[in-house]
Amino acid sequence: MESTIKRIGIITSGGDAPGTNACIRVIARRCFDAGIEPWGIFDSWDGLISGNVRKLERPDVAGIVQHAGTVLRSARSRLFLEPGDPQKAKDALAKFSLDGLVVIGGNGSQAASALLADSGFPCVGVPKTIDNDLVGTEMSVGFQTAVQEATSALDSLRATAESHSRVMVVEVMGRHAGWIAVEAAIAGGADIALIPEHEFSLDDVFERLRVRHDVHGRKYSIVIIAEGAMDRAKKLDARRGTRDVMGRPRLGGVGTMLAHEIERKLGWDSRCTTLGYLQRCAAPIAPDRLLATKLSDKAVDYLLAGQGGVMAGLIAGGGIEAVPLKDVVGKLKTVTDDYFRLAEIFG
Ligand code: F6P
């Protein structure tokens, strides 16, 4: 049966993540091949409302697969927080005669897709967040590059840690889930990994460092900490600062606080390196480009088959399946205890 869809909108929303351009490229190319018009929505949901929307041509998506960022630009938006907002978005989509939408984004973006789909607009999701905390997919676009960046940083910082006999603290992203910290800890051989899923005791961290130093004779250590990690006594609280447009605390700083505490308590030299946006702006490694391509290709299939309200999710074994957005939204994929233990064992 021929699809009734003639114009597909593509939107990128939330924090940028390596591999996003690969998603845009394949969606647009699938459209060109099927004689469908791909329309780019620039600057995310706010751009949709203000009419920052145009038809994409082949040159728009040529030579972008290897680049970080998103050629459609991205933003965090307050659209969809009010009851009338899905209708506002539908009206804006109707203005450009768009009859389907692919939403490339993380938890907030897929919550918006779900609302739009519930209001009757054909909408499918492609999971994209370096935090990898989206339910319904084994991995999200951007995550693998972020892990690679963090692992490379650990490899490099080891030289300084060793040369100066320091405790090097490395802060990585991960607001609610410590996937980057755990995978980089395993791959990069960090001695301690601290993640949001497991509140830690500062005394325990000091003791582990002391044992490594005094008993095992290691004169340096590497600690990786996710930005959302917190000690049980809430002494290292990085949530006290400013808030973002969504009202969420801006994170960043917990690693520096930890390094200060280590110096204060143990008297050893300790420094923090916060990787921050360097994890998001790196050129996508090949596995991220491939994942982006496979997920986005399927997302177009779902849309053309009239299967809205789903997200393309990577399942164990490497397959991709349509996951209902209602099973994705409002949940968080956190690090399992077993996986965390791996990081602890190899630490
Ligand atoms: O995309 C998720 C994330 O990487 C979080 O780990 C981090 O807290 C957040 O982005 C920061 O994003 P921004 O400062 O761009 O809003």
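Ligands are counted one by one from 1 in listed order, and the atoms in each one are counted from 1 as well. Along the sequence shown, residues are numbered consecutively beginning with 1.
A search for side chain to side chain donor-acceptor pair (under 3.5 Å) contacts involving Asp118 returns nothing, not counting sequence neighbours.
For Gln279 (side chain) and Met173 (main-chain N/O), a donor-acceptor pair under 3.5 Å exists by modelled atom type. Side-chain N or O atoms of Ser113 include none that pairs as donor or acceptor with a backbone N or O of Val124 at under 3.5 Å.
For ligand 1, the 4.0 Å heavy-atom shell contains residues Arg76, Ile130, Asp131, Met173, Gly174, Arg175, Glu227, Tyr277, Arg280.
A cation-pi arrangement is absent between Arg208 and Phe200 under the rule of less than 6.0 angstrom and at most 45 degrees off the ring axis. A cation-pi arrangement, defined by a distance under 6.0 Å to the six-membered ring centre and an angle within 45 degrees of its axis, is present between Lys333 and Trp179.
Defined by atom type and a distance below 3.5 Å, a donor-acceptor pair is present between the side-chain atoms of Asp288 and Thr145.
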